[in-house]
2 protein chains.
Amino acid sequence: MAAPIDFYFDFASPYGYIASQTIDELAQRHGRSVNWHAIVLDANFQSLERIRIPTSVMRSDYIRRDVERLAAFSGVDYKTPSSLGLHTEMAARLFHWFNDRDPEQGRCFARAAYRAYFVEDRNIAQLETLQDLCAAQKMDAAELQHLVNDSANRARLKAEIDLAESRGVFGSPFFIVEGERFWGNDRLPQLERWLAQGPY
Amino acid sequence: MAAPIDFYFDFASPYGYIASQTIDELAQRHGRSVNWHAIVLDANFQSLERIRIPTSVMRSDYIRRDVERLAAFSGVDYKTPSSLGLHTEMAARLFHWFNDRDPEQGRCFARAAYRAYFVEDRNIAQLETLQDLCAAQKMDAAELQHLVNDSANRARLKAEIDLAESRGVFGSPFFIVEGERFWGNDRLPQLERWLAQGPY
């Protein structure tokens, strides 16, 4: 069985959203599975090589236009949200809660959260929005309220982030397969060649 | 006559080198010409949106491997040089001297300088290397020595950099066509679609 592709993403990252629309299909073409990993690339993130993408870059007019163009180029729905750079820790924690129980449900939650943020312009940092997203996965408000304050759930995300740091992740989307790192949607053609022909 | 593509590059940028191998052919496929512009993206560069790519990124293991992989993927000769981040101001000044007289000679000089750095591992910050490169363009050592100290030649590069700053350039390679900005080799498929189908 060929190694799966590890797909790291931040719910605040529009590029991660675009990747979430294409990565499973790409992997399937080459008989690979994908493990999804939500992370939070905030000021606490300590990448192995101390690489940090400055916030000034992500908030620039250039990036705003680049994301719109990439979405159009990739045939992906996209609407620039009114607030970029939302705090997405709670969404990431909920993702892992669903994903650890059932990866298919994890994906459903992730796709819905991304769509809420980058198509419907909803604020996924707000509890009401998360409540709606969780209700769609059949989690009730009381259980969500419990998870918000649950230290085990918080530690689960922290461990995921520590692991991402130690594997040299520093951006979103980020892909690792067979130890090879690929950063960004624009490296997907190179990842695809790797899957098709092996290392180069 | 369709607008030309402005191609900005730094002689210290391996990604700029890779772009220099493909941009003219891409433009030709769509009946466009390319204006080449050498710039120096050092600490003095003040991009319009205050975007700065941290040196830590460019010196990371990730980028070293990424460039090698991109060169292999693009079918371009490449050897990681022993010194990354050389001071390339003099090479850029010489480029403009040749390019202002004859764009074809400018390209010849640029290609030779890039090849010296990223294939032959020669130090293009050193006067001896530049002397060889200039001799190949029939510039003698005395003329080169004059240009090294020539304030008009220094001002020529400074004006080019000021213009790049004001146009929102912040990386290498960087392409502008019809006011639309494209940063990086990985945006060339999007640039190509722009040329083929117009704005999107």
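Letters A, B, ... mirror the listed sequences (proteins, then strands); counts begin at 1. The structure presented is a predicted model; accordingly, all values stated were derived computationally and were not measured. Side chains are part of it too, since the values below use all heavy atoms of this structure and drop only hydrogens, waters and symmetry mates.
- Side-chain heavy atoms closer than 4.5 Å link hydrophobic residues (I, L, V, M, F, W, Y) into clusters, and following such links, even through other members, never connects A:Leu48 to A:Ile161.
- Contacts with chain B (heavy atom to heavy atom, under 4.5 Å) involve these residues of residues 60-84 of chain A, listed by number: A:Ser60, A:Asp61, A:Tyr62, A:Arg65, A:Asp66, A:Arg69, A:Leu70, A:Ala72, A:Phe73.
- Contacts with chain B (heavy atom to heavy atom, under 4.5 Å) involve these residues of residues 184-200 of chain A, listed by number: A:Asp186, A:Arg187, A:Pro189, A:Gln190, A:Arg193, A:Trp194, A:Tyr200.
- Scanning residues 134-157 of chain A against chain B with a 4.5 Å non-hydrogen threshold yields no residues.
- Hydrophobic clustering (ILVMFWY, side-chain heavy atoms < 4.5 Å, transitive): A:Leu86 and A:Phe11 are in one cluster.
- Enclosure of atom CD in B:Gln28 is not indicated, since only 12 or fewer non-hydrogen atoms of other residues, nucleotides or ligands lie within 6.0 angstrom.
- Within residues 167-183 of chain A, the residues having any heavy atom less than 4.5 Å from a heavy atom of chain B are, in residue-number order, A:Phe170, A:Phe174, A:Glu180, A:Arg181, A:Phe182, A:Trp183.
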